[in-house]
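Please read the structure below before turning to the comments.
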Amino acid sequence: MDRELLLEIGCEELPAGWLPALTQQIGEVVAGQLREHRLAPDAPAETFSTPRRLAVRIARVPERQTDVDELVNGPPVSAGFKPDGTPTPAATGFAAKQGVEVSALERIETPKGVYLAYRKHLRGKATVDVLPDVLGGALRSLTFPKLMHWDATLEDGRGELLFGRPIRWILFLYGGRVVPFRITRSAVAQTGQVQDVTSGAVTYGHRFLTTSGRAGHAIKVRTFDEYRARLLENFVILERSERHDKIARELDAKAQRLAGRVSHVVHSESGLLHEVPDLVEYPSVIAGTFAPEFLDLPEEVLTTTLIHHQHYFPVETEDGKLKNAFLAVINTEPDNERTIARNAERVVTARLRDARFFWEADRKIALESRIERLATLLFHKKLGTYKEKAERIEPLARWIAQEAFGASEEIGRQAAKAARLAKADLTADMVREFTELQGTMGGIYARVEGLPEEVWKAIYFHYLPVGVESDAPPTRAQLGKAAVTWAAVSLADKLDTIVGLFAAGEKPTGSRDPYGLRRAAQGVVKILADLPHSCGIERRIALGPLLDEALRALGRQRPPEPVDESSTEWGWWIRLSLFLAERMRHLLQERGAAYDEVNATVDYFVGPDDLVPSTAWPRVAAVAEARKSPDFEALAELFKRVKNISKGVTFASDGWPALIDYATKESQESAEKALIHEVAVSADFVHNAKARGDYLGALKRIAGWRPTVARYFDEVMVMAEDVTTREKRLQLMGGLRDLVMEIADVSEVVPKDVTVPFPKPRREQA
């Protein structure tokens with residue numbers, strides 16, 4: 001018979017940003033522990049969370065572990081029996097240890113020979129006896145962005161239990177009965193109010209709200225339905241979706257009463273509505289106002305103050321203009337809404353007064369005058385100050401705009417000016433107080449000073465993009481005339497950061513990336529990948545020349561080839577190349593490309609000179625379309641053979657004319673002649689298709705070679721005894737390989753009916 005399992009871990013308030021991942025994780029961990037302990041559940045794990053609790057409910061968990069047969073290996077047969085067949089002490093000792101006679105032992109074949117063994121039948125334990133180990137394993141397995149030492153241990157002998165926040169109670173029921181479990185607090189931590197945490201049949205309601213008695217009192221429950229209902233009676237809405245919907249309804253209702261709507265910034269940029277349900281257990285919405293005079297502040301300052309600093313919702317009119325009003329989500333049911341609103345208004349007003357002071361003070365100093373102050377801000381100990389960074393990215397942005405993008409000298413000048421001023425706002429009081437506005441305030445101050453749109457928008461948006469989605473901001477509409485200058489400045493800033501920090505010995509490791517190198521590199525590949533769409537630039541720009549120019553700005557140059565990865569002086573260059581290729585692969589995967597299509601398009605070890613982000617997506621899309629042809633997948637299998645045979649072969653510069661001459665005058669194989677002529681004739685078509693970006697057309701032509709390639713391998717021996725013939729045939733394999741690889745490495749395409757897990761990097765990535 002199956003019974004319901006209900007687990008709730010009650011703790012101090014968890015950060016809202018942790019809860020979505022933890023809610024999913026706890027269900028996976030508990031279900032995984034049940035399976036590991038041979039208690040495979042017959043129903044999915046349902047998970048719930050509030051800031052003070054993580055809960056799992058599994059409707060059907062079996063009453064006993066499944067039985068299992070275990071094969072215990074003993075000594076070799078040669079050591080277990082004498083020549084006359086009499087058991088030795090090794091055999092009798094092994095049998096005695098298993099509690100059986102020697103005659104009950106089996107003989108099994110192993111790679112090392114024939115061994116004695118005993119097959120044990122282990123009867124499963126009762127579920128209630130196993131569940132404490134399940135919970136202990138789950139608590140150990142949960143991962144948090146940060147762990148706390150809170151003087152707690154489990155009885156598993158593994159020492160201290162680290163957790164995201166201190167655990168205050170555990171509701172642990174199976175079939176309506178408590179499963180015994182204890183978390184021991186150290187003697188140092190224990191006081192009259194801090195004791196061991198033992199499992200029970202009780203949960204706790206809202207900290208402050210109650211219908212009767214004392215708020216936050218213990219609530220006894222036996223089933224999940226009772227658990228959910230009793231929590232709601234005590235002002236805890238268990239389902240996150242219900243809290244979200246309640247907040248959304250009340251926000252809309254309150255905004256309508258104010259003759260407005262919730263600001264579009266909340267929905268398009270901040271994610272506040274997604275975060276707030278994880279801050280409260282019983283949400284309500286109140287409305288507040290602030291003095292109309294503060295509407296003279298830039299909209300970005302107002303929304304940052306309300307959203308990022310107070311977690312409040314700005315209100316705007318139907319035509320999108322901010323009103324002097326806001327909405328706040330509170331974790332209570334207010335008796336006197338006006339009193340709570342008045343307190344919120346005091347906090348907002350104080351914040352806005354500070355912002356107005358900074359706004360007025362900052363505008364007295366021009367951005368150009370702030371550049372000298374950047375000398376007081378250290379960028380990196382090996383790379384100097386932000387003033388030195390500004391001096392590096394100024395000529396780099398000009399070079400990118402004019403040389404890489406092919407823009408006019410005027411646009412190059414504007415890009416250089418924007419790059420020079422891009423970091424100036426770091427010395428502004430507003431940015432020191434509202435760090436989220438760096439770059440943004442620089443653009444606003446530049447606009448107020450009357451600088452051209454091409455300059456101030458480039459400053460305003462130069463930290464973007466952050467996401468890898470094709471529609472991630474800034475959009476073409478937002479950029480307007482500043483699209484090219486923005487791309488040049490943003491690339492210059494990010495390239496200087498990436499190249500400089502890698503050369504200085506910094507690199508992201510695991511989850512640690514203090515300098516935001518992954519984000520910067522992702523921005524570089526996204527800008528270059530989307531250049532035709534975002535800036536109207538059709539040039540195919542490789543990363544290699546951009547890195548070279550960034551190195552020149554640092555007073556360095558690319559290392560001589562070849563580079564040894566273990567080199568203390570130049571190993572960083574290999575790590576940087578791997579890192580950029582991995583970021584390009586990540587962008588393609590995030591945009592929906594299959595792993596084998598990515599492998600065919602961007603190799604892990606592609607060099608920066610061959611990494612052209614603007615062609616990567618068209619190429620991967622072409623592979624995705626071309627693979628629908630049976631000929632293409634068959635050719636992919638044959639091409640693996642071509643690559644293997646041609647390893648180490650360098651295709652000669654006059655390769656195809658020489659091969660045609662060989663096919664005409666020397667070759668006696670009709671299959672060989674056919675392949676040489678077909679591929680040689682197609683070479684120009686493939687080259688031209690690549691030049692005009694028709695990758696699908698090139699792949700379709702390549703797929704058409706499949707019958708000829710298959711016939712060649714059936715009838716021709718590549719490794720012929722005659723040295724001259726063998727060299728020509730290897731040249732043919734090398735030429736075929738190089739021609740196909742110009743478009744994609746089709747050998748990486750896996751047949752549709754083959755399921756292969758996503759491969760791990762073939763070398764540890766930087």
Side-chain angles (χ1 to χ4, degrees), residues 1-11 14 18-49 53-73 119-144 147 152-159 161-164 167 170-183 197-201 221-225 227-228 238-240 755-760:
M1 180 179 175
D2 296 336
R3 300 191 179 193
E4 179 185 75
L5 175 67
L6 177 59
L7 167 66
E8 179 190 62
I9 302 171
C11 51
L14 291 159
W18 295 7
L19 277 181
L22 282 174
T23 307
Q24 178 180 351
Q25 186 188 159
I26 191 170
E28 295 171 349
V29 165
V30 171
Q33 285 292 320
L34 286 171
R35 287 190 290 269
E36 187 176 320
H37 287 82
R38 311 202 314 274
L39 288 170
D42 295 326
E46 302 171 58
T47 58
F48 309 89
S49 64
R53 71 198 77 227
L54 297 170
V56 181
R57 183 251 186 157
I58 302 178
R60 295 186 301 278
V61 174
E63 287 189 328
R64 300 192 70 84
Q65 289 179 305
T66 54
D67 296 348
V68 65
D69 288 330
E70 180 183 6
L71 191 66
V72 183
N73 290 334
R119 196 175 301 276
K120 277 185 176 181
H121 180 75
L122 300 178
R123 180 166 167 72
K125 297 179 182 178
T127 296
V128 72
D129 295 328
V130 182
L131 284 176
D133 293 333
V134 170
L135 179 53
L139 292 175
R140 295 282 188 191
S141 301
L142 281 171
T143 59
F144 298 84
L147 289 168
T153 57
L154 298 181
E155 296 173 357
D156 57 6
R158 293 171 58 186
L161 172 66
L162 303 180
F163 211 71
I167 295 173
I170 296 176
L171 169 69
F172 199 15
L173 300 175
Y174 176 65
R177 295 187 176 183
V178 175
V179 179
F181 188 82
R182 177 183 295 272
I183 299 175
V197 181
T198 57
S199 58
V221 297
R222 288 295 179 186
T223 66
F224 173 74
D225 291 337
Y227 165 74
R228 177 164 51 186
L238 186 61
E239 282 89 349
R240 183 190 184 281
T755 301
V756 181
F758 200 100
K760 295 180 180 178

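Reckoned from all heavy atoms, side chains included, excluding hydrogens, waters and symmetry mates.
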So with a 6.0 Å cut-off around CD of E46, is the heavy-atom count from everything else above 12? yes

To check you understand the geometry: which heavy-atom pair defines the closest contact between V197 and I167, and what is its length? CG2-O, 3.5 Å

As a test of understanding, state which of I26, L238, V56 forms a side-chain contact (heavy atoms from CB on, under 4.5 Å) with F48. L238

State whether the side chain of T47 and the backbone N or O of T23 hold a donor-acceptor pair below 3.5 Å, judged by distance alone. yes

How close do R177 and R222 get, counting heavy atoms only, and between which atoms? CA-NH1, 4.1 Å

Heavy-atom closest pair (S141 atom, Q33 atom, distance to 0.1 Å) is OG-NE2, 3.6 Å

Shortest non-hydrogen contact between A45 and G27, atoms and distance: CB-O, 3.9 Å

Polar side-chain atom of T127 near backbone of P62 as donor-acceptor pair, under 3.5 Å: yes

Quick check against the 3.5 Å criterion: does R64 have a side-chain atom that pairs as donor or acceptor with the backbone of G124? yes

Compare all side-chain heavy atoms of R140 with those of L154 and state whether any distance is below 4.5 angstrom. yes

Any side-chain to backbone donor/acceptor pair from Y174 onto V61? Under 3.5 Å, distance only. yes

Closest non-hydrogen atoms of G200 and V178, given as atom of the first, atom of the second and distance, are C-CG2, 3.7 Å

Just by distance, no angles: are the side chains of E4 and T223 close enough, under 3.5 Å, to form a donor-acceptor pair? no

State whether the side chain of R60 and the backbone N or O of D42 hold a donor-acceptor pair below 3.5 Å, judged by distance alone. yes

According to the interplanar angle, ranging from 0 to 90°, do the rings of F172 and F181 count as parallel (below 30°), tilted (30 to 60°) or perpendicular (above 60°)? perpendicular

How far apart are the closest heavy atoms of A40 and R35, and which atoms are they? CA-CG, 4.1 Å

